[in-house]
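Working notes for the structure below.
Proteins come first, then strands; the chains are lettered A, B, ... in the order of their sequence lines, and each starts at number 1.
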Protein chains: 2
Amino acid sequence: MKAKELMDKEFVYLNCDDNVVEVSKVMEEIRRFTCPVVNDNKQLVGWITSFDITKGLREGNEKIKEIMSSYEEITTIHEDAPARLAVVLTANNKFVTVPVINDDNQVIGMIRSCDIVELLSELYDIKVYKLYEAMQHQLKGVTWEELMSASALVSKKTTGVKISPEDYEANIMNATFGEAIWATGGLEKFFAGLISVGEMVIARKVGKARR
Amino acid sequence: MKAKELMDKEFVYLNCDDNVVEVSKVMEEIRRFTCPVVNDNKQLVGWITSFDITKGLREGNEKIKEIMSSYEEITTIHEDAPARLAVVLTANNKFVTVPVINDDNQVIGMIRSCDIVELLSELYDIKVYKLYEAMQHQLKGVTWEELMSASALVSKKTTGVKISPEDYEANIMNATFGEAIWATGGLEKFFAGLISVGEMVIARKVGKARR
(Lines give C-alpha, C1' and ligand atoms only; values in the text may rest on other atoms or scores of the structure.)
Protein backbone atom coordinates (compact mmCIF):
# COMPACT_ATOMS: atom_id res chain seq x y z
CA MET A 1 0.00 0.00 0.00
CA LYS A 2 1.33 3.39 -1.02
CA ALA A 3 1.01 6.73 0.74
CA LYS A 4 -1.30 8.03 -1.98
CA GLU A 5 -3.77 5.21 -1.31
CA LEU A 6 -4.07 6.26 2.32
CA MET A 7 -4.17 10.03 1.90
CA ASP A 8 -7.19 12.30 2.19
CA LYS A 9 -7.59 14.33 -0.98
CA GLU A 10 -9.94 16.82 0.61
CA PHE A 11 -7.99 19.60 2.21
CA VAL A 12 -7.53 23.33 1.89
CA TYR A 13 -4.45 24.95 0.35
CA LEU A 14 -3.28 28.20 1.88
CA ASN A 15 -1.35 30.93 0.13
CA CYS A 16 1.53 32.99 1.56
CA ASP A 17 -0.49 36.17 1.22
CA ASP A 18 -3.71 34.84 2.75
CA ASN A 19 -5.05 36.81 5.67
CA VAL A 20 -4.55 35.26 9.11
CA VAL A 21 -8.03 36.13 10.37
CA GLU A 22 -9.70 34.70 7.25
CA VAL A 23 -7.61 31.52 7.46
CA SER A 24 -8.59 31.06 11.11
CA LYS A 25 -12.25 31.07 10.05
CA VAL A 26 -11.62 28.57 7.25
CA MET A 27 -9.74 26.19 9.55
CA GLU A 28 -12.57 26.34 12.09
CA GLU A 29 -15.11 25.66 9.37
CA ILE A 30 -13.31 22.67 7.83
CA ARG A 31 -12.14 21.58 11.30
CA ARG A 32 -8.49 21.12 10.42
CA PHE A 33 -5.68 21.90 12.87
CA THR A 34 -3.08 21.89 10.08
CA CYS A 35 -2.95 23.20 6.50
CA PRO A 36 -0.26 23.23 3.79
CA VAL A 37 0.87 26.57 2.31
CA VAL A 38 1.59 26.38 -1.43
CA ASN A 39 2.75 28.64 -4.27
CA ASP A 40 0.80 29.27 -7.47
CA ASN A 41 2.03 25.94 -8.80
CA LYS A 42 0.61 24.09 -5.74
CA GLN A 43 4.15 23.35 -4.55
CA LEU A 44 4.64 23.13 -0.82
CA VAL A 45 6.31 26.22 0.64
CA GLY A 46 5.10 26.28 4.23
CA TRP A 47 2.96 24.76 6.95
CA ILE A 48 0.36 26.22 9.27
CA THR A 49 -0.97 24.78 12.53
CA SER A 50 -3.62 26.18 14.84
CA PHE A 51 -0.73 27.12 17.16
CA ASP A 52 0.64 29.47 14.49
CA ILE A 53 -2.84 30.93 14.07
CA THR A 54 -3.47 31.59 17.77
CA LYS A 55 -0.05 33.21 18.09
CA GLY A 56 -0.63 35.23 14.92
CA LEU A 57 -4.03 36.43 16.09
CA ARG A 58 -2.61 37.42 19.46
CA GLU A 59 0.32 39.27 17.96
CA GLY A 60 -1.67 40.90 15.18
CA ASN A 61 0.10 39.29 12.21
CA GLU A 62 -1.66 39.89 8.94
CA LYS A 63 -0.33 37.42 6.42
CA ILE A 64 0.21 33.66 6.54
CA LYS A 65 3.83 34.01 5.40
CA GLU A 66 4.60 35.90 8.62
CA ILE A 67 3.58 32.99 10.84
CA MET A 68 4.06 29.77 8.84
CA SER A 69 6.73 27.14 9.39
CA SER A 70 9.18 27.20 6.53
CA TYR A 71 9.53 24.42 3.98
CA GLU A 72 12.68 23.07 5.64
CA GLU A 73 10.80 22.34 8.86
CA ILE A 74 8.07 20.24 7.23
CA THR A 75 8.14 16.45 7.16
CA THR A 76 6.56 15.21 3.93
CA ILE A 77 5.98 11.82 2.39
CA HIS A 78 6.20 11.01 -1.32
CA GLU A 79 3.03 9.67 -2.91
CA ASP A 80 4.74 6.40 -3.88
CA ALA A 81 6.40 5.81 -0.51
CA PRO A 82 5.04 2.86 1.51
CA ALA A 83 2.00 3.83 3.59
CA ARG A 84 3.84 2.20 6.48
CA LEU A 85 6.30 5.10 6.47
CA ALA A 86 3.46 7.52 7.18
CA VAL A 87 2.43 5.31 10.08
CA VAL A 88 5.97 5.30 11.48
CA LEU A 89 6.34 9.09 11.05
CA THR A 90 3.03 9.71 12.78
CA ALA A 91 3.74 7.33 15.66
CA ASN A 92 7.30 8.53 16.28
CA ASN A 93 6.70 12.25 15.95
CA LYS A 94 3.12 12.45 17.23
CA PHE A 95 2.08 14.13 13.99
CA VAL A 96 -1.55 14.99 13.41
CA THR A 97 -1.05 15.24 9.63
CA VAL A 98 1.67 14.44 7.10
CA PRO A 99 1.44 16.13 3.67
CA VAL A 100 1.79 13.88 0.61
CA ILE A 101 3.79 15.29 -2.30
CA ASN A 102 4.48 14.21 -5.88
CA ASP A 103 7.70 14.39 -7.91
CA ASP A 104 7.12 18.09 -8.52
CA ASN A 105 6.83 18.82 -4.80
CA GLN A 106 3.12 19.55 -5.24
CA VAL A 107 0.88 18.73 -2.29
CA ILE A 108 -1.64 16.17 -3.51
CA GLY A 109 -3.07 14.91 -0.22
CA MET A 110 -2.83 14.74 3.54
CA ILE A 111 -2.42 11.67 5.72
CA ARG A 112 -4.11 12.24 9.05
CA SER A 113 -3.57 10.26 12.23
CA CYS A 114 -7.29 9.50 12.53
CA ASP A 115 -7.26 8.03 9.00
CA ILE A 116 -4.37 5.81 10.01
CA VAL A 117 -6.28 4.71 13.10
CA GLU A 118 -9.22 3.82 10.88
CA LEU A 119 -7.02 1.81 8.53
CA LEU A 120 -5.11 -0.03 11.24
CA SER A 121 -8.18 -0.72 13.35
CA GLU A 122 -9.84 -2.59 10.51
CA LEU A 123 -7.28 -5.33 10.97
CA TYR A 124 -7.95 -5.52 14.68
CA ASP A 125 -11.67 -5.77 14.10
CA ILE A 126 -11.52 -8.92 11.99
CA LYS A 127 -13.41 -11.65 13.82
CA VAL A 128 -11.33 -14.61 14.98
CA TYR A 129 -13.74 -17.12 13.44
CA LYS A 130 -12.77 -15.72 10.01
CA LEU A 131 -9.28 -17.11 10.59
CA TYR A 132 -10.76 -20.46 11.51
CA GLU A 133 -12.81 -20.38 8.33
CA ALA A 134 -9.62 -19.68 6.38
CA MET A 135 -7.97 -22.59 8.17
CA GLN A 136 -10.85 -24.94 7.41
CA HIS A 137 -10.88 -23.85 3.78
CA GLN A 138 -7.15 -24.48 3.54
CA LEU A 139 -7.21 -27.86 5.27
CA LYS A 140 -9.55 -29.62 2.91
CA GLY A 141 -11.45 -32.46 4.56
CA VAL A 142 -11.33 -31.02 8.08
CA THR A 143 -14.77 -30.23 9.50
CA TRP A 144 -15.70 -27.19 11.58
CA GLU A 145 -16.55 -29.54 14.48
CA GLU A 146 -13.07 -31.09 14.34
CA LEU A 147 -11.52 -27.62 14.42
CA MET A 148 -13.59 -26.55 17.43
CA SER A 149 -12.89 -29.81 19.23
CA ALA A 150 -9.13 -29.44 18.68
CA SER A 151 -9.27 -25.77 19.71
CA ALA A 152 -11.05 -26.60 22.96
CA LEU A 153 -8.35 -29.16 23.74
CA VAL A 154 -5.49 -26.76 22.92
CA SER A 155 -7.18 -24.04 24.96
CA LYS A 156 -7.44 -26.36 27.97
CA LYS A 157 -3.78 -27.34 27.60
CA THR A 158 -2.71 -23.68 27.42
CA THR A 159 -4.94 -22.09 30.04
CA GLY A 160 -5.64 -25.08 32.32
CA VAL A 161 -9.36 -24.26 32.12
CA LYS A 162 -11.72 -26.81 30.60
CA ILE A 163 -13.93 -25.48 27.82
CA SER A 164 -16.45 -27.25 25.59
CA PRO A 165 -16.11 -27.01 21.79
CA GLU A 166 -19.49 -25.20 21.78
CA ASP A 167 -18.31 -22.57 24.25
CA TYR A 168 -15.08 -22.17 22.33
CA GLU A 169 -17.05 -21.58 19.17
CA ALA A 170 -19.25 -18.98 20.92
CA ASN A 171 -16.08 -17.18 22.09
CA ILE A 172 -14.46 -16.90 18.68
CA MET A 173 -17.72 -15.79 17.06
CA ASN A 174 -17.64 -12.61 19.14
CA ALA A 175 -13.91 -12.09 19.68
CA THR A 176 -11.89 -9.90 17.35
CA PHE A 177 -8.32 -10.47 16.23
CA GLY A 178 -7.26 -7.49 18.37
CA GLU A 179 -8.87 -8.90 21.50
CA ALA A 180 -7.42 -12.34 20.82
CA ILE A 181 -3.89 -10.94 20.50
CA TRP A 182 -4.20 -9.01 23.72
CA ALA A 183 -5.76 -12.01 25.50
CA THR A 184 -3.08 -14.48 24.40
CA GLY A 185 -0.17 -12.11 25.03
CA GLY A 186 0.90 -11.14 21.55
CA LEU A 187 0.71 -12.02 17.89
CA GLU A 188 3.32 -14.79 18.06
CA LYS A 189 1.54 -16.53 20.92
CA PHE A 190 -1.86 -16.19 19.31
CA PHE A 191 -0.42 -17.58 16.12
CA ALA A 192 1.34 -20.45 17.92
CA GLY A 193 -2.02 -21.44 19.40
CA LEU A 194 -3.60 -21.59 15.97
CA ILE A 195 -0.70 -23.62 14.61
CA SER A 196 -1.15 -25.98 17.54
CA VAL A 197 -4.79 -26.44 16.55
CA GLY A 198 -3.75 -26.95 12.94
CA GLU A 199 -1.18 -29.53 13.99
CA MET A 200 -3.78 -31.49 15.92
CA VAL A 201 -6.39 -31.60 13.17
CA ILE A 202 -3.80 -32.35 10.49
CA ALA A 203 -2.32 -35.21 12.52
CA ARG A 204 -5.83 -36.62 12.96
CA LYS A 205 -6.57 -36.16 9.27
CA VAL A 206 -3.34 -37.85 8.19
CA GLY A 207 -4.01 -40.60 10.72
CA LYS A 208 -7.50 -41.16 9.31
CA ALA A 209 -6.25 -41.27 5.73
CA ARG A 210 -3.77 -43.97 6.63
CA ARG A 211 -6.27 -46.21 8.36
CA MET B 1 -6.34 -3.81 27.43
CA LYS B 2 -8.26 -1.06 29.15
CA ALA B 3 -8.61 2.61 28.20
CA LYS B 4 -6.51 3.65 31.21
CA GLU B 5 -3.57 1.57 29.97
CA LEU B 6 -3.55 3.46 26.68
CA MET B 7 -4.12 6.99 27.96
CA ASP B 8 -1.58 9.76 28.26
CA LYS B 9 -1.47 11.05 31.83
CA GLU B 10 0.37 14.22 30.92
CA PHE B 11 -2.08 16.89 29.95
CA VAL B 12 -3.22 20.29 31.12
CA TYR B 13 -6.50 20.93 32.91
CA LEU B 14 -8.29 24.17 32.16
CA ASN B 15 -10.63 26.03 34.45
CA CYS B 16 -13.85 27.81 33.47
CA ASP B 17 -12.43 31.13 34.59
CA ASP B 18 -9.06 30.79 32.85
CA ASN B 19 -8.15 33.60 30.49
CA VAL B 20 -8.44 32.82 26.77
CA VAL B 21 -5.19 34.57 25.81
CA GLU B 22 -3.24 32.78 28.56
CA VAL B 23 -4.73 29.41 27.59
CA SER B 24 -3.76 29.99 23.94
CA LYS B 25 -0.13 30.40 25.04
CA VAL B 26 -0.24 27.26 27.18
CA MET B 27 -1.72 25.17 24.37
CA GLU B 28 0.99 26.41 21.99
CA GLU B 29 3.66 25.57 24.51
CA ILE B 30 2.45 22.05 25.30
CA ARG B 31 1.42 21.60 21.66
CA ARG B 32 -2.07 20.31 22.32
CA PHE B 33 -5.01 21.12 20.06
CA THR B 34 -7.52 20.00 22.71
CA CYS B 35 -7.82 20.40 26.50
CA PRO B 36 -10.39 19.34 29.09
CA VAL B 37 -12.07 21.96 31.28
CA VAL B 38 -12.67 20.78 34.84
CA ASN B 39 -14.17 22.08 38.10
CA ASP B 40 -12.31 22.30 41.42
CA ASN B 41 -12.88 18.59 41.91
CA LYS B 42 -11.22 17.79 38.55
CA GLN B 43 -14.57 16.71 37.15
CA LEU B 44 -15.10 17.27 33.43
CA VAL B 45 -17.33 20.27 32.71
CA GLY B 46 -16.23 21.38 29.25
CA TRP B 47 -13.90 20.95 26.30
CA ILE B 48 -11.65 23.35 24.43
CA THR B 49 -10.17 22.94 20.96
CA SER B 50 -7.85 25.29 19.08
CA PHE B 51 -10.91 26.22 16.98
CA ASP B 52 -12.62 27.61 20.09
CA ILE B 53 -9.45 29.52 20.91
CA THR B 54 -9.03 31.11 17.48
CA LYS B 55 -12.70 32.13 17.47
CA GLY B 56 -12.40 33.43 21.04
CA LEU B 57 -9.30 35.46 20.24
CA ARG B 58 -10.94 36.94 17.16
CA GLU B 59 -14.13 37.85 18.98
CA GLY B 60 -12.41 39.11 22.11
CA ASN B 61 -13.78 36.58 24.58
CA GLU B 62 -12.10 36.71 27.97
CA LYS B 63 -12.92 33.51 29.80
CA ILE B 64 -12.77 29.86 28.81
CA LYS B 65 -16.37 29.27 29.92
CA GLU B 66 -17.54 31.69 27.22
CA ILE B 67 -16.07 29.61 24.41
CA MET B 68 -15.90 25.98 25.60
CA SER B 69 -18.08 23.10 24.39
CA SER B 70 -20.45 22.05 27.15
CA TYR B 71 -20.24 18.74 28.96
CA GLU B 72 -23.14 17.27 26.96
CA GLU B 73 -21.21 17.65 23.71
CA ILE B 74 -18.11 15.76 24.86
CA THR B 75 -17.51 12.10 24.06
CA THR B 76 -15.66 10.46 26.95
CA ILE B 77 -14.46 6.96 27.69
CA HIS B 78 -14.43 5.29 31.09
CA GLU B 79 -11.03 4.22 32.40
CA ASP B 80 -12.11 0.56 32.55
CA ALA B 81 -13.70 0.47 29.10
CA PRO B 82 -11.87 -1.63 26.48
CA ALA B 83 -9.10 0.33 24.75
CA ARG B 84 -10.68 -0.91 21.53
CA LEU B 85 -13.63 1.41 22.15
CA ALA B 86 -11.28 4.41 22.08
CA VAL B 87 -9.94 3.15 18.76
CA VAL B 88 -13.45 2.83 17.32
CA LEU B 89 -14.50 6.27 18.62
CA THR B 90 -11.38 7.86 17.14
CA ALA B 91 -11.70 6.12 13.78
CA ASN B 92 -15.44 6.76 13.38
CA ASN B 93 -15.51 10.35 14.58
CA LYS B 94 -12.05 11.49 13.45
CA PHE B 95 -11.27 12.54 17.00
CA VAL B 96 -7.84 13.88 17.86
CA THR B 97 -8.30 13.18 21.57
CA VAL B 98 -10.78 11.34 23.79
CA PRO B 99 -10.79 12.20 27.53
CA VAL B 100 -10.68 9.28 29.96
CA ILE B 101 -12.83 9.59 33.09
CA ASN B 102 -13.23 7.60 36.31
CA ASP B 103 -16.39 6.73 38.24
CA ASP B 104 -16.47 10.23 39.74
CA ASN B 105 -16.39 11.85 36.28
CA GLN B 106 -12.87 13.11 36.96
CA VAL B 107 -10.58 13.40 33.94
CA ILE B 108 -7.62 11.13 34.60
CA GLY B 109 -6.05 10.97 31.13
CA MET B 110 -6.36 11.62 27.42
CA ILE B 111 -6.24 9.11 24.58
CA ARG B 112 -4.72 10.74 21.51
CA SER B 113 -4.96 9.45 17.95
CA CYS B 114 -1.17 9.47 17.56
CA ASP B 115 -0.87 7.26 20.66
CA ILE B 116 -3.32 4.85 19.11
CA VAL B 117 -1.30 4.85 15.89
CA GLU B 118 1.80 4.03 17.92
CA LEU B 119 0.06 1.16 19.70
CA LEU B 120 -1.52 -0.32 16.57
CA SER B 121 1.58 0.07 14.45
CA GLU B 122 3.63 -2.05 16.84
CA LEU B 123 1.64 -5.05 15.67
CA TYR B 124 2.27 -4.21 12.04
CA ASP B 125 5.98 -3.90 12.64
CA ILE B 126 6.46 -7.44 13.92
CA LYS B 127 8.78 -9.24 11.53
CA VAL B 128 7.27 -12.15 9.63
CA TYR B 129 10.13 -14.47 10.56
CA LYS B 130 9.00 -14.16 14.20
CA LEU B 131 5.83 -15.99 13.20
CA TYR B 132 7.88 -18.68 11.51
CA GLU B 133 9.93 -19.02 14.67
CA ALA B 134 6.72 -19.43 16.64
CA MET B 135 5.61 -22.06 14.14
CA GLN B 136 8.89 -23.93 14.36
CA HIS B 137 8.80 -23.81 18.16
CA GLN B 138 5.25 -25.15 18.13
CA LEU B 139 5.90 -27.92 15.62
CA LYS B 140 8.56 -29.76 17.52
CA GLY B 141 10.91 -31.70 15.26
CA VAL B 142 10.43 -29.48 12.20
CA THR B 143 13.64 -27.73 11.12
CA TRP B 144 13.96 -24.16 9.88
CA GLU B 145 15.15 -25.50 6.52
CA GLU B 146 12.04 -27.65 6.18
CA LEU B 147 9.89 -24.62 6.93
CA MET B 148 11.64 -22.47 4.33
CA SER B 149 11.53 -25.24 1.76
CA ALA B 150 7.78 -25.74 2.29
CA SER B 151 7.22 -21.96 2.21
CA ALA B 152 9.03 -21.61 -1.09
CA LEU B 153 6.83 -24.37 -2.56
CA VAL B 154 3.60 -22.80 -1.23
CA SER B 155 4.72 -19.40 -2.49
CA LYS B 156 5.32 -20.82 -5.98
CA LYS B 157 1.92 -22.52 -5.93
CA THR B 158 0.21 -19.27 -4.90
CA THR B 159 2.05 -16.70 -7.00
CA GLY B 160 3.23 -18.85 -9.91
CA VAL B 161 6.73 -17.44 -9.43
CA LYS B 162 9.56 -19.80 -8.53
CA ILE B 163 11.54 -18.82 -5.46
CA SER B 164 14.38 -20.59 -3.67
CA PRO B 165 14.11 -21.38 0.05
CA GLU B 166 17.08 -19.04 0.60
CA ASP B 167 15.39 -16.14 -1.18
CA TYR B 168 12.19 -16.83 0.70
CA GLU B 169 14.09 -16.69 3.96
CA ALA B 170 15.72 -13.39 2.97
CA ASN B 171 12.25 -11.97 2.22
CA ILE B 172 10.69 -12.84 5.55
CA MET B 173 13.72 -11.60 7.47
CA ASN B 174 13.00 -8.08 6.24
CA ALA B 175 9.24 -8.13 5.75
CA THR B 176 6.90 -6.99 8.49
CA PHE B 177 3.54 -8.46 9.36
CA GLY B 178 1.88 -5.31 7.99
CA GLU B 179 3.66 -5.58 4.65
CA ALA B 180 2.88 -9.28 4.42
CA ILE B 181 -0.84 -8.69 5.01
CA TRP B 182 -0.94 -6.00 2.33
CA ALA B 183 1.09 -8.15 -0.07
CA THR B 184 -1.06 -11.25 0.33
CA GLY B 185 -4.36 -9.38 0.24
CA GLY B 186 -5.53 -9.52 3.83
CA LEU B 187 -5.10 -11.22 7.16
CA GLU B 188 -7.15 -14.28 6.24
CA LYS B 189 -5.14 -14.92 3.08
CA PHE B 190 -1.82 -14.36 4.81
CA PHE B 191 -2.90 -16.73 7.52
CA ALA B 192 -4.17 -19.34 5.03
CA GLY B 193 -0.71 -19.30 3.41
CA LEU B 194 0.96 -20.00 6.74
CA ILE B 195 -1.49 -22.80 7.48
CA SER B 196 -0.68 -24.23 4.08
CA VAL B 197 3.01 -24.25 4.99
CA GLY B 198 2.16 -25.81 8.33
CA GLU B 199 0.08 -28.48 6.61
CA MET B 200 2.96 -29.39 4.31
CA VAL B 201 5.62 -29.71 7.03
CA ILE B 202 3.26 -31.54 9.37
CA ALA B 203 2.30 -34.03 6.65
CA ARG B 204 5.99 -34.63 5.98
CA LYS B 205 6.71 -34.97 9.69
CA VAL B 206 3.86 -37.43 10.22
CA GLY B 207 4.95 -39.30 7.12
CA LYS B 208 8.52 -39.55 8.41
CA ALA B 209 7.37 -40.75 11.81
CA ARG B 210 5.40 -43.53 10.20
CA ARG B 211 8.24 -44.75 8.04
Under the side-chain contact (heavy atoms from CB on, under 4.5 Å) criterion, do A:Lys94 and B:Val117 qualify, and how do the steps go?
CA-CA 9 Å; A:Lys94 308 280 178 194; B:Val117 169; over 6 Å; no

Decide salt bridge (charged side-chain N to carboxylate O under 4.0 Å, His left out) for A:Arg58 and B:Glu22; before the verdict, give the C-alpha distance in whole Å, the side-chain angles of both, and the deciding distance to 0.1 Å.
CA-CA 10 Å; A:Arg58 238 179 19 240; B:Glu22 293 312 311; over 6 Å; no

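Under a 4.0 Å N-O distance rule, the pair A:Glu199/B:Lys140 does not qualify as a salt bridge. Of the charged side-chain nitrogens involved, none lies within less than 4.0 Å of a carboxylate oxygen, so that A:Lys55 and B:Glu29 do not count as a salt-bridged pair.
For B:Lys25, the parts lying near chain A are the backbone and the side chain together; criterion is any non-hydrogen pair under 4.5 Å. Both the backbone and the side chain of B:Arg31 come within contact range of chain A, with heavy atoms under 4.5 Å apart. Of the two parts of A:Val96, only the side chain, counted from C-beta on, holds a non-hydrogen atom closer than 4.5 Å to a non-hydrogen atom of chain B. For B:Leu131, the parts lying under 4.5 angstrom from a heavy atom of chain A are both the backbone and the side chain. At a 4.5 Å heavy-atom cutoff, the contact between B:Glu179 and chain A is made by side-chain atoms alone. For a residue to count as touching a neighbouring chain, one of its non-hydrogen atoms must lie under 4.5 Å from one of that chain's; by this rule A:Ile126 touches chain B with the side chain only. Neither the backbone nor the side chain of A:Asp52 comes within contact range of chain B; no heavy atom of the residue lies under 4.5 Å from a heavy atom of that chain. Contacts of A:Ile181 with chain B are made by side-chain atoms alone, with heavy-atom separations under 4.5 Å and no backbone atom involved. Of the atoms belonging to B:Phe191, it is side-chain heavy atoms, and not backbone ones, that fall under 4.5 Å from chain A. Only the side chain of A:Leu57 comes within less than 4.5 Å of a heavy atom of chain B; its backbone N, CA, C and O stay farther away.
Other residues, nucleotides and ligands contribute over 12 non-hydrogen atoms within 6.0 Å of the CD atom of A:Glu5. Atom CD of A:Glu10 has 12 or fewer heavy atoms from other residues, nucleotides or ligands within 6.0 Å. Summarising the local packing, CD of A:Glu66 is surrounded by more than 12 heavy atoms from other residues, nucleotides or ligands at distances under 6.0 Å.
Ring geometry for A:Tyr124 versus B:Tyr124: interplanar angle of 30 to 60°, hence tilted. Between B:Phe177 and A:Phe177, the ring-plane angle classifies as tilted under the 30° and 60° cut-offs.
Scanning all heavy atoms of the two residues, the minimum distance from B:Val87 to A:Ser121 falls at CG1-CB, 3.3 Å. Residue A:Ala134 comes nearest to B:Glu188 through the heavy atom pair CB-O, 3.8 Å, listed as atom of the first residue, atom of the second, then distance. Residue A:Ser50 comes nearest to B:Phe51 through the heavy atom pair OG-CE2, 4.3 Å, listed as atom of the first residue, atom of the second, then distance. Shown here for B:Ser113 and A:Ser113, the closest heavy-atom pair between the two residues is OG-OG, 2.6 Å. Residues A:Ala91 and B:Glu118 approach most closely at CB-CA, 3.6 Å, considering heavy atoms.
Distance OG/A:Ser196 to NE2/B:His137: 10.5 Å, rounded to 0.5 Å.
Taking B:Leu119, B:Thr49, B:Leu194 one by one and counting their heavy-atom pairs under 4.5 Å with chain A, the maximum is reached by B:Leu194. For chain A, the option among B:Met27, B:Met135, B:Arg84 with the highest count of heavy-atom pairs below 4.5 Å is B:Arg84. Ranking B:Thr176, B:Asn92, B:Asn93, B:Val201 against chain A, the residue ahead of the rest is B:Thr176, based on heavy-atom pairs under 4.5 Å. Of the listed residues (B:Ile195, B:Ile202, B:Leu187), the greatest number of heavy-atom pairs within a distance under 4.5 Å of chain A belongs to B:Leu187.
Under the 3.5 Å distance criterion, with hydrogens and angles disregarded, no donor-acceptor pair is assigned to the side chains of B:Ser24 and A:Thr54.
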